[in-house]
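Reading through the structure tokens given below for one structure.
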Amino acid sequence: MSRTPATPHVTPRTTATNYQPDYQPDHENHNHHRQHPRKNRRHVKTKTSDAQRSRFGVALAVGTASTTVLALASYVVAPIGSAAPLWQQAWFVDARANSGLAMAAAAGITVAGFALLAVWLAVGPRNGRTHPQASPALSMKQVIILASAWAAPLLFALPLTSQDVYSYVAVGHLSASGANPYTTGINVLPDWAGFGVHPKWASTPTPYGPFMLMIGSAITTVTAPLGYLGAIAGFRLVMVGALALTAFFVTQISRRTGARSATALWAAIANPLTLISCVLAIHNDALVIAAVAGGLAAAHHVLRPTAVRLTGAWVWLTIATAIKPTAAIAYPAALRIAMPGRQPWRRTVTALATMAVGCIAALWLMLAVVGASFSDWLHAVFSTPQLSRPLWFVPVQLLTGGSIVAPEDGTTPTWAAVVATSVGVATVVAAIVISLWPTRRPAASQLALAYTVFLAGSSVIWPWYVLLWIVAVAVSESLGRWVGVLVLVTIFMTTQSLAAGFFDATALPEWFESVFNVLPGILGVVWVVLLGMRMWMRRQSSGFEHAK
């Protein structure tokens, strides 16, 4: 007679090894918690809500105060062209000539920038948490309110941390006059010196795409009755509108991928680097990230046929490429999103080739509209010298000892040019391979990885160049795993932009200018190192707890 073996006793286990209950009952009141679990949970929820409201209020006040300081300081130290009517105002001239006020403004910019970073970090995912569903401390509505409030004072600031917008204005006037900006410098304009463009750029062609020329021509034409400051305000409104469009697309993508919209908006729109680069400095990268986000959103529209999704992605990404050619790296990501799953190579290559041919045709048409040719544009892109100061964190510049940054005579040593070109070509090929490589990693994450490789081989990496990377990370389904890296990159690049040295140093003592041209960058590196070590130690501790 067989005997049924005894069933071994198995202790039930939760699905997550680090599970924590909503509340922890103590031994003395154990029965009380059993009798009133709902009441106890409601109490905890109320406390959490109060903490959120408090955190939101502090972030709103401190962040808005920080951007207000940036806006006020810009009137003292921001470079501005002589065409600005402000130079006719006695208070403006006196403020610019006051040494004490200039030093206070420069110091205030550093303090305000770090304060804005701190409150942004405080309302983000708790302690840089990197789980897939990382959520910010605030709701999506609160994140939108914060981003809007922080950006509001910057609408009235003079351009700071960069002088690129002055080039946009000058090139817009040049294009509106009927000249070809790819073969003609802005020095042909009779009043070019008053735009505030650095003299080094006076005779160089513009590297921006034809769509940017069309936008610049339209803005300068419409704002002509308002003069120089009206043109700057026009470009700022366009960039702010592009950020609003980016926020809409990021929200749409997040909802379709199941990610948290609040986290995505916190990462991409409320980001201090985004606000400083696109609202304060008025960079056209705002247009690029809006168009790229639009392309990815169109590819994500699952209710439409594949051909329609690919067409929508092609339209938006062609616009982005027609502003800055580097945006073309997003085409493979949009293709993978619109055609999910493992696809035959023939079908993938055919779809990508069709989009590429369509992009070239659209670019050719836009170039014809602005009175230029492909050869003109390509020559301008590859012949424009890097007239910026050396950047110590750029790998290619480290390899060449800064030799690729053209000196006053505009020449670059042959060996340095060969090294820079070789590294650039290699990283571009690697980025393309990464973009097209079949993998289970989300397409947006693959785009972020490919763009990281591309930037690593670039001869210059200005802080606003990483905005496309930030948007790719923000719309990725695996955003939670990137949160820690995104925080570190944001802190580093924002502090480097504060140390860019684009001050009107007329009233600043030489020693003070030298200090504040490097101090924000040094403090930013220290912050990144300490915070990175803290995140690594917490991750190691969490892994150890899971192992136990």
### Message
Within the 4.5 Å heavy-atom criterion, are Met535 and Val487 side-chain neighbours or not?
### Response
yes
### Message
Quick one, Tyr75 and Leu86 - any side-chain contact, counting heavy atoms below 4.5 Å?
### Response
yes
### Query
Residues in side-chain hydrogen bond (donor to acceptor under 3.5 Å, both in side chains) with Asp504, at least two apart?
Arg96, Thr506
### Query
Listed by chain and number, what are the side-chain hydrogen bond (donor to acceptor under 3.5 Å, both in side chains) partners of Asn180, not counting sequence neighbours?
Asp376
### Query
So, Thr452 and Trp469: side-chain donor and acceptor under 3.5 Å apart, yes or no?
yes
### Task
Please check if any side-chain donor atom of Asn284 sits under 3.5 Å from a side-chain acceptor atom of Tyr208, or the reverse.
no
### Message
Could you go through Ile186 and Trp201, starting from their C-alpha distance and side-chain angles, then the distance that decides it, and tell me whether this counts as side-chain contact (heavy atoms from CB on, under 4.5 Å)?
### Response
CA-CA 8 Å; Ile186 63 169; Trp201 294 103; 5.8 Å; no
### Task
Give the intermediate values and the outcome of side-chain contact (heavy atoms from CB on, under 4.5 Å) for residues Leu189 and Phe195.
CA-CA 10 Å; Leu189 297 173; Phe195 288 124; 3.9 Å; yes
### Task
Going by the side-chain contact (heavy atoms from CB on, under 4.5 Å) test, name the single residue among Leu531, Leu530, Leu523 that passes it with Trp527.
Leu531
### Task
Might you point out which heavy atoms bring Met239 and Ala286 nearest each other, and give the distance in Å?
O-CB, 3.7 Å
### Query
Considering all heavy atoms of both residues, which atom of Ile232 and which atom of Tyr166 are nearest to each other, and what is their separation?
CD1-CE2, 3.7 Å
### Task
Identify, with sequence neighbours excluded, every residue that meets ring-ring contact (aromatic ring centres under 6.0 Å, His included) alongside Phe92.
Trp87
